[in-house]
A.B. asks: 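The structure that follows is given in the form of structure tokens.
Reminder, nothing fancy here: chain letters follow the sequence lines and each chain counts from 1.
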There are 2 protein chains.
Amino acid sequence: MATIKDIARRAGVGVATVSRALNRNGYVKPDTLAKIEQVAEELGYVPNRQARAMVNGATMTLGILIPDMDNALFMRIVRGINDAAYPKGYSLLVMDSRGNPEWERQILRTMQELRVDGLILFATPGTAELVRSIRHRIPIVVLDRLIPGSDVPQISVDHYQGARLAADLLIRQCKYPPAMLTGPELVTSSHPRLQGYLDSLKAVGLSTKDARTELGGFTYEGGYHGMTKLLADRRSLDGVFAANDLSALGALRAIRDAGYQCPDDIKIVGFDDIEATRYIYPSLTTIRQPMDAIGQAALHMLSQQMDGEPVTENLILLPGELIRRESC
Amino acid sequence: MATIKDIARRAGVGVATVSRALNRNGYVKPDTLAKIEQVAEELGYVPNRQARAMVNGATMTLGILIPDMDNALFMRIVRGINDAAYPKGYSLLVMDSRGNPEWERQILRTMQELRVDGLILFATPGTAELVRSIRHRIPIVVLDRLIPGSDVPQISVDHYQGARLAADLLIRQCKYPPAMLTGPELVTSSHPRLQGYLDSLKAVGLSTKDARTELGGFTYEGGYHGMTKLLADRRSLDGVFAANDLSALGALRAIRDAGYQCPDDIKIVGFDDIEATRYIYPSLTTIRQPMDAIGQAALHMLSQQMDGEPVTENLILLPGELIRRESC
DNA sequence: ATGAAAGCGCTAACAA
DNA sequence: TTGTTAGCGCTTTCAT
């Protein structure tokens with residue numbers, strides 16, 4: 001691989017001149033500049049970012065830690081980050097922890113070794129203290145799966161408000177108190193969604209005894225199993241709030257397999273608004289997460305920190321939006 | 001950020017000793033090793049990979065270029081790569097070109113600047129020559145969207161064979177010659193899938209005049225529009241091969257919106273077997289891509305090249321598998 | 001068993 | 001306008 005040294009020798013100039021020419025800073029006589037560019041071209045020169053990073057600090061890479069690359073919501077958000085980061089010259093280093101806390105620790109370590117300029121992560125409870133220690137060295141922003149009570153900058157859809165929207169709609173549309181397919185206990189976004197559901201019941205005078213929950217686990221399969229359980233014990237059930245779209249799709253399937261119809265027999269409301277929800281039948285009524293806005297906000301917050309500016313707010317909750325379709 | 005120099009000073013030893021100790025190579029007296037580790041711990045030392053890479057060449061990062069991060073199939077494959085690469089200490093640098101050839105060029109450039117140890121990419125026609133020039137500098141493997149006629153190592157499901165499977169099934173199950181929703185003209189995997197469809201028709205004595213194709217574009221929306229067109233001109237249509245699952249889902253929706261039923265009125269077969277296909281209604285009969293196998297094979301081929309071994313085969317075609325479900 | 005020093009590719013003073 | 005030089009953090013001879 002050709003280096004600036006090679007170019008310098010071949011062009012008969014010093015390395016500094018080459019550097020100046022290629023980076024277009026400092027004075028360089030047009031002739032020499034042309035010559036240098038020509039030689040660089042001939043040699044197929046490609047600058048080495050590692051070396052550059054060593055001297056001026058910035059690697060121009062952003063680390064992203066996701067619990068599951070194969071999740072439509074996460075990747076949709078990451079795409080938003082990518083689209084916002086790319087024009088600024090940042091590259092994304094995406095690593096998937098598969099929800100494994102130990103892997104997560106290692107990944108966070110690797111990100112530091114790579115000296116990423118900023119870190120965006122979907123947290124898990126096991127990461128909380130780790131994040132606390134890292135944030136003093138690297139700008140961080142936590143997305144979607146928040147760390148409750150932490151003062152790390154965090155951005156997310158308002159899980160609670162979204163859940164209220166969903167539950168309120170179901171209560172209005174159903175004869176009986178709706179049930180809920182909850183997210184995994186260990187995922188923080190599960191909690192405000194559950195709380196929203198419970199509070200909506202309370203708001204119309206229903207007691208927690210009227211609440212019925214089953215684990216949906218944020219997956220197709222979990223939703224399927226949870227719904228199947230709900231159906232097995234059918235105490236007048238005609239509405240279900242699935243904590244995310246994946247589990248909603250699983251639930252839809254379970255309803256059908258059990259011989260019922262959605263929305264006629266049972267109505268469903270999901271959460272996230274992943275693309276598939278528009279095309280399936282019945283199309284899914286759901287709470288839309290502002291994915292692009294989240295991605296942009298994340299990058300914005302990170303930029304602020306990287307520029308040394310104080311972060312204005314450290315918890316941004318973007319409102320979810322109710323999207324009505326066929327399932328409720 | 002603490003450096004080995006800091007550790008050396010504080011531990012009262014030379015930097016070389018620190019390096020040896022931390023990397024556990026060369027002789028280091030147990031006492032000094034302990035001391036060094038302790039100091040490193042105190043200082044919260046995290047090695048700088050850039051610096052390490054500068055001296056020993058390897059960055060331990062693999063670059064991945066995808067045309068769309070938000071595509072279930074691609075990310076499923078990338079996840080497979082991730083799972084195979086992670087244990088070997090490699091980090092993935094994932095960049096999304098959004099199918100834009102110009103972005104693609106720049107990304108490939110960036111990957112080189114970052115000195116990734118290997119490159120995995122889903123090609124587009126515009127990349128072909130670029131890839132040719134890069135492959136002499138960086139180990140490369142092309143996935144799924146192949147470069148026809150190139151001798152770059154490539155891995156993919158056998159698009160043609162899979163398409164034959166799909167079309168043969170439809171021909172068997174339908175009264176009339178099936179139609180096809182094709183992929184984008186510019187995406188190479190579209191071609192063998194189309195060819196398979198045409199050849200299947202031919203194999204049962206149907207002429208190309210019996211073939212009916214409409215652009216499905218590999219997207220939900222494209223599938224929806226394409227199917228709508230097919231339906232508008234309804235010459236006894238009762239079977240459709242959608243070139244991928246996304247367009248199949250779009251088509252399913254179009255069928256329903258037009259007042260028809262799948263599979264009763266029209267049967268559908270997709271391609272890819274993304275996770276959603278199992279849960280929607282009707283569940284989708286499709287051709288399964290061996291995604292994990294593709295990911296593993298990709299990493300294997302890359303490893304071979306990185307180790308300087310000659311690549312045994314430069315085109316691996318993995319068979320697609322017919323998965324029968326409700327749609328046909 | 002350990003330290004001194006060279007050098008990886010590049011940028012940024014500092015001179016000239 | 002250009003060249004020389006000193007690092008950036010680390011690994012690796014080569015001495016000791």
A.B. asks: Between B/Arg24 (CZ) and C/dA1 (P), how many Å, whole number?
C.D. replies: 15 Å

A.B. asks: Is the shortest distance from a Lys or Arg side-chain nitrogen in B/Asp292 or B/Arg79 to a carboxylate oxygen in the other one below 4.0 Å?
C.D. replies: no

A.B. asks: Check every nucleotide of DNA chain D for an atom under 4.0 Å from a heavy-atom of chain B, then give the first and the last such nucleotide from 5' to 3'.
C.D. replies: D/dC8 to D/dT12

A.B. asks: What do you reckon, is CD of A/Glu309 surrounded by more than 12 foreign heavy atoms closer than 6.0 Å?
C.D. replies: yes

A.B. asks: Measuring from atom CD of B/Gln289 to atom CD1 of B/Ile294, what distance do you get when rounded to the nearest 0.5 angstrom?
C.D. replies: 4.5 Å

A.B. asks: To the nearest Å, give me how far apart CG (A/Leu22) and P (C/dT11) are.
C.D. replies: 8 Å

A.B. asks: Between P on C/dT2 and CD1 on B/Ile7, what's the gap in Å once rounded to a whole number?
C.D. replies: 15 Å

A.B. asks: Can you check whether B/Phe122 reaches B/Ser97 side chain to side chain, under 4.5 Å on heavy atoms?
C.D. replies: no

A.B. asks: Around atom NE2 of B/His191, are there more than 12 heavy atoms from other residues, nucleotides or ligands closer than 6.0 Å?
C.D. replies: yes

A.B. asks: Output the rounded distance in Å from CD (A/Gln50) to P (C/dC10).
C.D. replies: 11 Å

A.B. asks: When you get a sec, tell me which of C/dC10, C/dA1, C/dG3 is the closest nucleotide to the side chain of B/Lys29?
C.D. replies: C/dA1

A.B. asks: Tell me what A/Asn48 touches on the nucleic acid: a base, only sugar-phosphate, or nothing, going by heavy atoms under 4.0 Å.
C.D. replies: sugar-phosphate

A.B. asks: What is the separation between atom CG on A/Asn23 and atom P on C/dG9, rounded to the nearest whole Å?
C.D. replies: 17 Å

A.B. asks: Taking the side chain of B/Val55 as heavy atoms from C-beta outward, which of C/dC10, C/dA5, C/dG7 is closest to it?
C.D. replies: C/dG7

A.B. asks: Just wondering, are more than 12 heavy atoms of other shown residues or ligands nearer than 6.0 Å to CD in B/Glu42?
C.D. replies: yes

A.B. asks: Using five base pairs at each end to define the local axes, how bent is the helix from C/dA1-D/dT16 to C/dA16-D/dT1, to the nearest 10°?
C.D. replies: 50°

A.B. asks: Give a yes or no on whether the backbone of B/Thr3 and the side-chain of B/Asp6 come within a donor-acceptor separation of less than 3.5 Å.
C.D. replies: yes

A.B. asks: Among all residues two or more places apart in sequence or in another chain, which pass the side-chain contact (heavy atoms from CB on, under 4.5 Å) test with A/Glu113?
C.D. replies: A/Arg109, B/Val46, B/Pro47, B/Arg49

A.B. asks: Keeping the roles fixed (side chain from B/Asp117, backbone from B/Thr59), state whether a donor-acceptor pair exists under 3.5 Å.
C.D. replies: yes

A.B. asks: How long is the line joining CE of B/Met54 and P of C/dA6, in whole Å?
C.D. replies: 17 Å

A.B. asks: When we call it a touch if two heavy atoms are under 4.0 Å apart, what does B/Ser19 touch: a base, just sugar-phosphate, or nothing?
C.D. replies: base

A.B. asks: Roughly, in whole Å, what's the span from CE in A/Met1 to C1' in C/dC10?
C.D. replies: 16 Å

A.B. asks: I need the CG-C1' distance between A/Asn25 and C/dC10, as an integer number of Å.
C.D. replies: 12 Å

A.B. asks: Looking at C/dA12, C/dC10, C/dA1, which one has an atom nearest to any side-chain atom of A/Tyr45?
C.D. replies: C/dC10

